[in-house]
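For reference, the structure discussed in these notes is given below.
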Amino acid sequence: MAAKLSLLEELDITLCSLSKESLEAVGRCCPLLKSFKWNQQWYATGLCQTECDEEAVAIAKNMPELRHLQLIGNQLSNDGLQAILDGCPHLKSLDLRKCFNVTLSGNLGRICAERIKNLRHPNDSTDDY
């Protein structure tokens, strides 16, 4: 499907799991993609049981033109976030609400604060979502 949408600039996928290969295909086939929202169900307790960075790395390697990225409820870790920051140099808006494996402290927190104009933290409210 992505191959037929080569001019796509915005994509919003909610409550749908995607494989690393699917994310790679979207990035490869939609080189103009500027805004990507991939929101998943989160745990009300804030305790995710696993970390998974392969999807974050797929975004980083295949969607370099992103300006806006929303990953509500994603299970990426600080390593996945670092890959995204390295691979998506134009990122202005980053929504990490309910991404409970991410800790925005130290150097990573400083980089986000300096580079990202609109940053939503893992514990920020989702009332406006």
Answer with yes or no whether the hydrophobic clustering places [X] together with [Y]; edges join I, L, V, M, F, W, Y residues whose side-chain heavy atoms lie under 4.5 Å apart.
X	Y	value
Leu91	Met63	yes
Val57	Leu69	no
Leu11	Leu5	yes

Once you round to the nearest 0.5 Å, how far does [atom1] of [X] lie from [atom2] of [Y]?
X	Y	atom1	atom2	result
Lys37	His68	NZ	NE2	9.5 Å
Phe36	Asp12	CZ	CG	9.0 Å
Leu66	Lys92	CG	NZ	12.0 Å

| message | Between Thr14 and Tyr129, does the side-chain contact (heavy atoms from CB on, under 4.5 Å) criterion hold? Intermediate values first, please. | response | CA-CA 12 Å; Thr14 301; Tyr129 173 66; 3.4 Å; yes
| request: State whether the number of non-hydrogen atoms from other residues, nucleotides or ligands found under 6.0 Å of Lys34 atom NZ is greater than 12. | output: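 Yes, the 6.0 Å shell around NZ holds more than 12 heavy atoms from other groups.
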Do [X] and [Y] touch side chain to side chain, with heavy atoms closer than 4.5 Å?
X	Y	result
Asn62	Val26	no
Leu71	Ile59	yes
Gln70	Arg97	yes

Taking every non-hydrogen atom, the tightest pair across [X] and [Y]:
X	Y	answer
Ala83	Ala60	O-CB, 3.1 Å
Ser6	Pro31	O-CD, 3.7 Å
Leu85	Arg115	O-NH1, 2.9 Å
Leu76	Asn101	O-CB, 3.2 Å
Pro64	Pro89	O-CD, 3.7 Å
Val102	Leu81	CG1-CD2, 3.8 Å

| said: Under 3.5 Å, is there a donor on one side chain and an acceptor on the other for Asp86 and Gln82? | reply: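 The answer is yes; a qualifying pair exists.
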| said: Can you list everything that forms a salt bridge (charged side-chain N to carboxylate O under 4.0 Å, His left out) with Glu21? Sequence neighbours excluded, please. | reply: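 Checked Glu21 against salt bridge (charged side-chain N to carboxylate O under 4.0 Å, His left out); zero matches.
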| query | Considering residues at least two apart in sequence or located in another chain, which fulfil the side chain to side chain donor-acceptor pair (under 3.5 Å) criterion with Glu65? | reply |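 Listed in chain order: Arg67.
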| field | Set of side chain to side chain contact (heavy atoms under 4.5 Å, CB included) partners for Asp79, sequence neighbours left out | value |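 Once residues adjacent in sequence are excluded, the partners of Asp79 under the side chain to side chain contact (heavy atoms under 4.5 Å, CB included) criterion are Asp53, Ser77.
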| Flag, side chain of Asn74 to backbone of Cys99, donor-acceptor distance under 3.5 Å |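 Here the side-chain-to-backbone pair does not exist.
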